Amino acid sequence: MISMLYLMNTKGDIVISRQYRDDVSASTADTFRQKIVAAKEASTSAPIRILDSSTFIFTRHLNIYFVAVTRSNVNPSLVLEYLYQKIRVLQAYLGEKFTEDKVRNNFTLLYELFDETIDFGYPQNTSIDVLKMYINLGKQRQKIAEDQGSLTSQITGAIDWRREGIRHKRNEVYIDVLESVNLLLSATGSVLRQEVTGSVMMNTKLTGMPECKFGLNDKLVVEKDKNSQHAGKSGVSIDDCTFHRCVSLGRFDADRTITFIPPDGEFELMKYRVTDNINLPFRIIAAIQEDGQTRVSINVKCTATFSEKLFASSVTLKIPVPSNTAKCKIKCTMGRAKYVPEESSIVFRLKRFQGQSECMLAADVTLMPLVRAKAWSRPPLSLDFSVPMFTASGVHVRFLKVFDKSGYTTNRWVRYITKSGSSYCIRI
Amino acid sequence: MSQARGLQNFISDLRNAKSKEDESKRVSKELANIRSKFTASSSLSSYQKKKYVWKLVYAFMLGYDVDFGHAEVVSLVGSAKYSEKQVGYVAMSLLLKAGDSMMNMIVNSIRNDLVGSYDDAATSLALTSIANVSGIELMQALHVEVQRVLVSPNATPAVRKKAALCLLRLIRQLPDSIASADFAPHIANLLQDRHYGVLTSTMSLLIGLTSKHEQEYETMIPYAIHILSTLVLKKSVSPDYLYYRTPSPWLQIKLLRFLQYYPELMSSGEAYVATLKQCLARILNDTDVSDSINKSNADHAVLFEAISTIVVFGDSGDEDLQLAAMRLLGKFISVREPNIRYLGLMTMSRLAVLHNNTNKEQIKTFQSVVVHSLKDADISVRRRALDLLFVMCDQTNAESIVDELITYLVAADAGIREQMVLKIAVLAEKFATSKKWYVDTILKLISISGDQVSDSIWHRVIVIVTNNSDDDLQQYVATTMFDVCSSKNAHVKAVAVGSYVLGEFGFLIAEEAGKSGEVQFQVLHQHWPLIDTNTQGIMLTAFAKMYNLYEEIRPIIDPIFAKLKTSVDVELQQRSNEYRVLGSLGPEIMEDILREMPAFDTQKVSTLEIALDQEHSDTHDVNVFKKKDSEAAKRGSKVQQLQQPEPEILIQPEPEPDLLGGFDEPEIAAIVPPTPPPGNKTSVTCNDPAAVAAGFAKLLSTPQGVLFQNEYVQVGVKQEFRGSQGRVQLFAGNMCRGGDFTNFKITIPEVPYLRTAIQDEMGATNPAGCTVSPKQQARLMIMAEAIAPYSEAPAFTITFETANATHSYPLRLPIVPTSFTEPVTVDKAAFMGRWGQLAPKESQEIVTVSRTVDSAMMQQVAALLTGMKYGRCQEVDSPTTCSGCGTMKTGAKDGQGNPISVGCLVRIEANADKFRVTARTLHPVVSQGVKETFCKALKML
């Protein structure tokens with residue numbers, strides 16, 4: 001299990017540390033500093049390293065390394081997940097972009113959180129709202145004594161993610177469907193790999209202990225309700241999905257209905273993956289020709305295929321050029337394009353890209369002749385974008401029903417965003 | 001360096017980069033900038049050009065790929081300004097590699113700087129970069145110019161120095177680029193230069209040249225001695241070249257080192273010899289210990305070089321000098337300074353190798369000091385002391401030195417132990433006063449440092465004990481080993497020796513009280529659980545020998561063998577099984593096999609000597625000493641071989657699986673080959689083709705057997721085939737009790753359808769042949785792969801000469817098409833289907849056998865079929881037919897790269913005393929080959 005945790009800045013100084021077990025010493029921090037931080041390896045090396053028979057599992061948030069040290073054979077994904085949760089918790093307490101100074105100024109809070117989230121190296125509760133009930137910035141400390149009993153039942157009870165007696169003036173639910181598209185197209189335009197990973201984020205502000213029922217246009221569900229008003233429409237076939245632990249899986253297995261008592265505040269209700277019938281938001285035709293040793297001519301056409309009522313924002317197209325590029329003459333119909341030598345590519349940016357429109361880019365690249373001629377590897381062209389109110393998989397929310405004893409009405413807000421995933425590439 | 005702000009910024013950006021990516025981003029941005037500048041149409045200013053090239057050089061040194069900008073480098077090299085030239089040359093020596101196309105362009109610029117320019121700085125830059133780039137074409141293009149610069153009368157000393165060193169670099173890469181005979185006068189000229197810098201560089205060059213061509217530069221000796229006398233005797237040197245009041249120690253050392261190439265110098269009787277003696281005497285006598293470390297270092301360096309020179313001159317040199325050197329060395333090996341002690345010991349051991357008796361005696365007086373150095377804190381000093389002790393050892397002091405070494409071995413640390421053990425073992429053997437002492441010494445070694453005692457050391461003990469059957473050594477050793485093994489804590493190696501010795505010679509002491517066979521057995525067996533499996537194997541053999549000798553312990557040993565039948569270790573399993581069965585074969589056979597080991601072969605070089613030799617041959621330096629050392633070592637080992645030709649150990653307690661087992665049978669021993677009158681050799685060949693055919697046919701379906709045999713020679717084969725590949729071991733044994741086979745040769749002509757590789761330990765396939773003694777075997781391992789379908793078995797010939805006849809036996813290897821077959825089982829329908837399809841490629845023959853075919857014979861035929869690795873297809877057979885199916889695998893590849901295999905179907909039909917053999921395969925040649933193979937085999941039924 002985790003023997004020691006520390007937060008380290010980019011110079012390798014420890015900002016704060018907590019030791020949970022005696023099998024590692026504080027000198028391991030020196031090892032980490034020398035071998036990883038000082039060697040400028042942290043950004044390139046693997047997140048798990050074994051040095052001097054201690055295992056270092058680390059991640060980085062802004063300028064702070066979160067490092068877990070262990071000597072035992074731990075489950076690495078458990079430790080990494082804990083580190084991510086830890087960052088999330090700290091963001092909730094110290095703000096989205098917390099800095100080294102902020103950590104130092106709140107070190108008592110940090111130690112409380114360290115102690116509450118891990119016990120003898122085993123990760124414990126990292127739920128923000130539960131933690132917030134008992135650990136806060138010192139304003140409501142006295143209340144804890146009274147709540148001692150309820151604290152236990154809260155953490156060990158059947159519904160440990162939600163406490164009773166929550167009240168909101170206005171009952172609201174925000175639903176965000178976020179999708180990211182990964183794509184690999186061959187030079188001839190055939191699809192080599194395509195995949196949409198989506199997640200449904202919820203932010204609930206509901207009174208009491210409401211039970212919610214949530215529905216997507218899942219193919220299996222849609223086909224089952226043939227006689228309902230949705231008959232005739234085909235749903236989306238979801239390859240696989242995972243749920244937040246508040247969702248009752250028994251009900252889902254029985255009739256694929258998603259029912260749950262939500263935690264208060266923000267959480268990720270479900271994640272899913274779709275690989276069939278994907279609506280690609282952009283079509284790209286690239287012609288890149290090498291004319292001899294010293295010239296490359298590039299012509300790229302990009303068409304937005306989604307409805308003209310929508311628009312894509314922050315579209316970035318990276319067109320690779322050889323590493324010995326000397327000069328680029330670029331012409332484009334809209335947006336801005338320039339040669340970025342660090343990435344050896346032409347970066348073409350569009351702030352706003354209307355649906356059904358198209359843009360063109362033509363570039364004339366002059367190369368520096370090399371002493372030892374090397375063939376250009378022609379790396380793939382990549383695209384970065386986000387399209388609001390569009391889902392590449394076609395998933396949409398059919399309903400969200402909220403049942404509570406008091407029978408209040410709920411306002412529901414739904415939002416869709418499709419982004420490019422980690423790789424949206426077209427080979428050239 | 002130029003004051004380039006951009007360059008400084010670039011460097012500081014890179015050094016402040018937080019991560020590797022930041023750095024590489026910055027570099028690629030900068031490189032892009034430089035690319036765009038270099039391709040820009042407007043020409044760059046001198047400042048810009050320099051700045052960008054410096055940046056390229058810096059990025060290149062950080063490990064980034066820089067493969068442009070070479071044109072700019074070339075233009076900088078060709079520029080007239082020094083500052084530009086300098087940048088150009090630096091960049092060139094870094095960025096350009098030998099073989100670049102830009103090289104040709106740059107050679108002209110360099111040549112201009114070298115010859116055409118009157119600017120020393122430019123010439124020096126050119127010389128430096130030639131030495132540093134060192135591509136072959138650059139050297140070939142420019143070595144003439146470099147020589148010209150070196151000998152040019154108007155070159156300044158600085159340029160000459162550089163030219164000499166540059167030329168040294170060139171001759172190291174292209175040793176033959178200088179015509180030595182023509183060049184010597186130039187060197188002579190240079191040696192008359194007044195400038196000591198030039199002299200020092202020239203001496204470096206001269207040493208480089210002399211190490212390759214000694215004779216050509218012999219005429220330089222007077223010049224060298226003259227310079228040496230100026231430095232040593234007159235001490236007339238410009239103050240610039242005084243190093244802590246020592247006149248140019250480097251030059252002195254180089255001169256002395258040069259003189260060391262001519263060891264016969266002193267006896268040449270030339271006038272300069274006296275001067276040289278004077279110089280050496282002066283160096284030896286006038287060097288005094290100084291307070292200044294630097295002064296003392298310089299002086300000692302010169303002094304040791306002088307002593308080395310005296311050592312090289314050896315016996316031809318001056319006695320007084322040698323004595324003085326010896327005296328000094330004696331002083332040095334006891335001083336506090338470890339460096340000097342180290343050098344003292346090393347030089348002294350060189351002196352000791354010289355085989356000069358006065359030296360030897362002299363050195364012996366320092367024995368106690370050297371032994372003391374063995375306990376030095378510094379391991380390298382200890383090593384040197386060990387070396388010295390090793391070489392100073394002889395008959396008279398061997399015992400005391402070996403005793404000292406053994407005492408020290410107890411305390412020695414692991415780093416040096418192995419070397420010590422080896423050296424002690426060699427010394428003990430070389431200078432043994434008695435065999436008993438030798439055995440005792442090795443036993444002591446084993447008990448002190450058993451882990452470092454390599455197998456070859458204790459094998460050697462056993463060879464010596466086994467080969468000395470006349471005196472009471474064997475009995476003595478048996479007693480000693482009995483005592484050693486009686487202790488519970490005996491080392492594994494000691495137990496190994498003990499097992500062997502008690503197994504072989506235990507009977508010599510079995511009569512003594514308390515040492516009966518049973519007790520001996522108990523003494524060994526108590527170690528059983530603690531020893532490794534190799535030693536267990538040796539012990540098992542000892543048990544077998546005891547089993548043979550002492551009736552009474554058979555009941556104890558039997559269960560041990562029985563238990564080991566299921567041992568995890570295959571070797572133990574096999575041994576125990578064989579020994580167990582041996583007991584049941586009858587007392588004569590057992591006694592015969594478990595008889596005492598014969599004396600070992602005494603022709604081979606001792607493995608210990610080999611191990612020592614390997615230690616010596618670690619570097620190939622041009623240094624004269626290394627050459628001498630290794631020569632001396634070789635000489636030493638040869639001398640020893642002549643004195644005491646000792647065998648290498650071949651412990652094979654377990655008899656070979658008895659393939660050619662005829663050797664020990666008395667009937668064969670009785671055969672004495674007919675002895676025709678000596679002088680005219682008759683020629684003998686196979687006189688019984690039927691026997692040859694029978695041997696061949698038998699091997700077609702069995703994995704091992706005798707291929708051919710007569711009263712002289714027995715040829716056995718052991719074969720193993722898997723798919724398209726096979727391994728055939730060929731044994732040819734000398735059955736002739738009369739004498740050696742000389743000029744023994746096995747000739748295997750290559751055939752196109754087999755790819756063969758031959759392992760030959762004895763050299764029997766060499767054109768010169770080898771010698772096979774009586775009862776010996778020549779072994780050959782043939783790896784064969786079928787690469788095409790074929791029908792003919794490959795031929796080979798064995799030829800040799802005995803005292804009175806030349807023999808020649810043309811035979812065939814049993815590598816036939818069916819050897820590469822793998823069985824295939826098919827059902828009736830499939831067989832008949834294929835049989836029909838392959839009808840056009842049929843090959844058929846009728847064979848007549850000696851008797852009428854009956855069912856027993858048909859069973860033999862079926863066994864033959866499976867023996868040849870055909871899958872029997874019983875469904876299609878009647879009582880008088882036998883059919884089989886297989887595929888012949890070849891290593892040849894078809895168009896897709898898959899190995900080709902040929903399906904084969906065979907049918908043998910019997911009728912009265914005839915067999916009809918029908919082979920149908922995909923390939924007509926194979927059909928024929930398969931058919932012939934079967935016919936041959938059937939004829940022998």
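Side-chain atoms are counted along with the backbone in the values below, which use heavy atoms only and exclude waters and symmetry mates. In what follows, chains carry the letters A, B, and so on, assigned in the order in which the sequence lines appear, proteins first and then strands, with residues in each chain numbered from 1. Since we're looking at a predicted model, the values are computed, not measured.
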Inset, instruction - Could you tell me how the ring of A:Phe32 sits relative to the ring of A:Tyr6: parallel (under 30°), tilted (30 to 60°) or perpendicular (over 60°)? - result: perpendicular

Legend entry - Pi-cation contact, A:Phe348 with A:Arg336 (under 6.0 Å, within 45°): no

Inset, instruction - Against chain A, label B:Ile34 side chain, backbone, both or neither, depending on which of its atoms sit under 4.5 Å from a heavy atom there. - result: neither

Inset, instruction - Answer yes or no: is there an ion pair linking A:Lys374 with B:Asp65, defined by an N-O contact shorter than 4.0 Å? - result: yes

Legend entry - Heavy-atom proximity to chain B below 4.5 Å, by part of A:Ser344: neither

Legend entry - From A:Arg295 atom CZ to A:Lys327 atom NZ, the distance as rounded to the nearest 0.5 Å: 8.5 Å

Legend entry - Proximity breakdown for B:Asn33 and chain A, heavy-atom pairs closer than 4.5 Å: neither

Inset, instruction - Against chain A, work out which of B:Glu30, B:Arg26, B:Lys25, B:Lys37 has the most heavy-atom pairs shorter than 4.5 Å and name it. - result: B:Lys25

